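Quick note on labels: first sequence line is chain A, next is B, and so on, each numbered from 1. Just so it is clear, the structure is predicted and the values come from calculations on it, not from any experiment.
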Protein chains: 2
Amino acid sequence: MIDVARRAGVGLGTVSRVVNGGHGVRDETAQRVRAAIDELGFQRNEVARALRPGKKSTSLALVLGDLTNPFYASIAKASLEVAGQSGFAVVLGSVDEDPEGEKRAIQELVSRQVAGLMIVPDQGDHAFLQGAGVPVVFVDRPATGIDADIVMVDNEGGGRIAAEHLLEQGHQRIAIILAPSYYTIGRRLRGFRRAHRAAGIEIDESLVIQLPEGNAEAAEKATREVMLRADPPTAIFSSTNFLTEGVLRALGELGSELEHEPAVVGFDDFRLADMLPTPVTVVASDIAELGRSAARLLLDRASGADTRPPQRIVLPCALIERGSGERPPDSAGKRSTR
Amino acid sequence: MIDVARRAGVGLGTVSRVVNGGHGVRDETAQRVRAAIDELGFQRNEVARALRPGKKSTSLALVLGDLTNPFYASIAKASLEVAGQSGFAVVLGSVDEDPEGEKRAIQELVSRQVAGLMIVPDQGDHAFLQGAGVPVVFVDRPATGIDADIVMVDNEGGGRIAAEHLLEQGHQRIAIILAPSYYTIGRRLRGFRRAHRAAGIEIDESLVIQLPEGNAEAAEKATREVMLRADPPTAIFSSTNFLTEGVLRALGELGSELEHEPAVVGFDDFRLADMLPTPVTVVASDIAELGRSAARLLLDRASGADTRPPQRIVLPCALIERGSGERPPDSAGKRSTR
DNA sequence: TAAGACGTTGGAAACGTTACCGTCCAGGAG
DNA sequence: CTCCTGGACGGTAACGTTTCCAACGTCTTA
């Protein structure tokens, strides 16, 4: 920058003004400065910029679990787009599984002076963020110990819709497969229960299956076990996209061993759901909007444009009927050909 | 940091030394400093740290296309893990589609003083990176105008394996569906051609189908068209995971209209490939290793530990047989039940 | 004509850290 | 006892910006 100033025959302040939009600089001077910038290939150093008193970097942090899960990937992509439009980059914190690793990752990010944090929180207390002086938006689920913005999906509504749909088809014994995550899954279960109560149907608690792990394998194992019981369910609601995969895999392998193939509804849409042997009915929501909203909100907070009390944005869920949820409880058919 | 120094009754230099490992500091002094750090909740400011002469930030940049594509998501996840283990964060540049947007994103990242760049390059010249003074590793495909490290997959070998497999099954009319990407797709096609030449079989050039876009819809349309010809292929090799999806969708919809359902082999594995009505045979490689290798290489370059001339790492491809590639060319069967 | 107002510019301080240099002290060697 | 060595520590410059203040010139107004 000093070189540019010398070359243009002006002071540093003037160069800075030009770089930042050029207000209060005579046109002719600005031209000269811009010429010097081009000739020298000067580029502003964002690091030095962020060092200024009180200033933050023009980066947003995103802390989430497995990017390989399309759910998280969608959030990342969408928030990246929104941030990029405002000239912000997105820093991904490396997230190990343990909650302690998450805390460490977050602090790493804070030490980088990010302008804001978007966090898909693990369980564990996030109170340490309270006084960090950096705006935080939680995504998909709230965190404990801190009152901050949160963007999420209507989990309870989604659980209710799924159950209502199956109940309407006449199912009375519906299993629900639960991943070991606290908040969202709990809400989905609550919606599931409410729908049953509203329909006046008692839930067989042995069909409320809590998995030790949230992956497809655990769901596959649980599904096989429950379907091979003497009194298997006639329908299954799986609370997560990966879980749905496991459920379907188990049903596929069980195949003709089953007298009645159960109806299936999954929470969260997934790619190829419509191309499986029986297309899968799901409760879906606009995941990308989750990421976009979070980024937008965070940018407004970071710029100081938004000083409202912590917001709570809830996106709706909708049922996408594809076939697997439409099987009646007394269907005598084996696996259908399509 | 000044506060810490005062509180511990030492100078700034000492605090700095303690923060950085504590060499050359008496144990007792270090204890006092550490106590002060804890009491004040001091955290090192990475921004100021990166400002030091010649220093770069402890961030790696990752520039890639659509995170929603599991292929890219795997790369991102893997590189994130490796970087995180060395205390590096990963900054994702927002990538619009146009090559100009990519250049802008890269320069944004460079201005943030990242320690290195991992780029999955679009077409377009990357010569402007030559003198940027920051190490670059290209991922999945090389870039023009610059001689840098590159980590990629054996595209030609993969194309060859796929074609060989289909040829061994007796197929003589194999269509290949090509996405409009330059390098990788070209190599896959080359392997495809070599296998044909080695088998002494002439390729019907009207079965070499170049798509205008790389999405599933384009592949679906092209597949429908080619299958409804008077002389349809007996097998299809799709050069990309999204394309494979489109191919399968078209075949599913065509269904019984087809006299012979073609064999299908896809490039790149994808989730649920084994659960489709006919499980899909694919040519797969270790995508995560792609990301890991890139990150490792870049970290070594950034630290100065690796000063070798630009490396070229090529990961092998392997065939995963699942069924769709095993259909003989004269199969009279309609869609199989499983 | 003098005084103020305003637009344009230059200069310097400040941000938080690290690296270098110099000082100080203790202990060992001559 | 003196000198030297080496370890421990303090102080300061430097990194590249932005922002504030002062200075200067021009124009308007009384």
Problem - Given DNA chain D, 5'-ward residue of the pair B:G11 and B:L51, judged by closest heavy atom - result: B:G11

Are any protein N/O atoms closer than 3.5 Å to N/O atoms in nucleotides 19-27 of chain D? If there are, list each pair with its distance.
unit_1, atom_1, unit_2, atom_2, d
D:dT19, O4', A:R52, NH1, 3.4

Exercise for the section: Would you kindly give the CZ-to-P distance between B:R112 and D:dT17, to the nearest whole Å? Expected result: 14 Å

Handout entry: Members of residues 36-49 of chain B that approach DNA chain C, where some heavy atom sits under 4.0 Å away
Key = B:F42, B:Q43, B:R44, B:N45, B:A48, B:R49

Practice task
Pick base, sugar-phosphate or nothing for B:G22, based on heavy-atom distances below 4.0 Å to the nucleic acid.
Solution key: nothing

Fill in the blank from the handout: To the nearest angstrom, the CD-P distance between B:Q31 and D:dA8 comes to 15 Å

Problem - Where at least one partner belongs to residues 16-28 of chain B, residue pairs that pass salt bridge (charged side-chain N to carboxylate O under 4.0 Å, His left out), sequence neighbours excluded - result: B:E28-B:R32

Fill in the blank from the handout: Between B:T14 and B:G54, the residue closer to the 5' end of DNA chain D by nearest nucleotide is B:T14

Identify every side-chain donor-acceptor pair in residues 132-140 of chain A under 3.5 Å, counting partners at least two apart or on other chains, and give the distances.
none

Exercise for the section: For B:T29 and B:V25, indicate whether the former's side chain and the latter's backbone hold a donor-acceptor pair under 3.5 Å. Expected result: no

Practice task
State whether the side chain of B:T14 and the backbone N or O of B:V10 hold a donor-acceptor pair below 3.5 Å, judged by distance alone.
Solution key: no

Practice task
Can you tell me the distance, in whole Å, between the CD atom of A:Q113 and the P atom of D:dT17?
Solution key: 18 Å

Exercise for the section: Kindly give the heavy-atom pair with the smallest separation between A:L12 and A:M1, and that separation in Å. Expected result: O-CE, 3.8 Å

Practice task
Would you indicate what B:V19 reaches in the nucleic acid, counting non-hydrogen atoms under 4.0 angstrom: base, sugar-phosphate, or nothing?
Solution key: nothing

Problem - Interface limits on DNA chain C, where chain B has a heavy atom under 4.0 Å of a nucleotide atom - result: C:dG16 to C:dC20

Practice task
Mark yes or no for whether B:R141, through its side chain, and B:P121, through its backbone, hold a donor-acceptor pair below 3.5 Å.
Solution key: yes

Completion exercise
Exactly one of B:H126, B:Q123, B:Q107 clears side-chain hydrogen bond (donor to acceptor under 3.5 Å, both in side chains) with B:E102, and that residue is B:H126

Problem - Under 3.5 Å donor-acceptor, B:N155 side chain and B:V153 backbone - result: yes

Residues 293-303 of chain A side chain polar contacts: donor-acceptor under 3.5 Å, at least two apart:
unit_1, atom_1, unit_2, atom_2, d
A:S293, OG, A:E289, O, 2.9
A:S293, OG, A:E289, OE2, 2.9
A:R296, NH2, A:E289, OE2, 2.8
A:R301, NE, A:D149, OD2, 2.6
A:R301, NH1, A:D306, O, 3.3
A:R301, NH1, A:D306, OD1, 3.4
A:R301, NH1, A:R308, O, 2.6
A:R301, NH2, A:D149, OD1, 2.8
A:R301, NH2, A:D149, OD2, 3.3
A:R301, NH2, A:R308, O, 3.1
A:R301, NH2, A:P309, O, 3.2
A:S303, OG, A:L299, O, 3.3
A:S303, OG, A:D300, O, 3.1
A:S303, OG, A:A305, N, 3.2

Exercise for the section: Find the distance B:I2:CD1 to D:dG10:P and express it as a whole number of Å. Expected result: 14 Å

Handout entry: Phosphate-side-chain proximity, B:T29 and D:dC9, N/O vs OP1/OP2 below 4.0 Å
Key = yes

Problem - A:D3 CG - D:dG16 P separation (whole Å) - result: 9 Å

Handout entry: Lys/Arg-Asp/Glu bridge criterion (N-O < 4.0 Å) met for B:R44, B:E46
Key = yes

Exercise for the section: Could you check whether A:G24 gets within reach of a base, just the sugar-phosphate, or nothing at all, counting any heavy atom under 4.0 Å? Expected result: base

Handout entry: Salt bridge A:E108-A:R112, side-chain N to carboxylate O under 4.0 Å
Key = yes

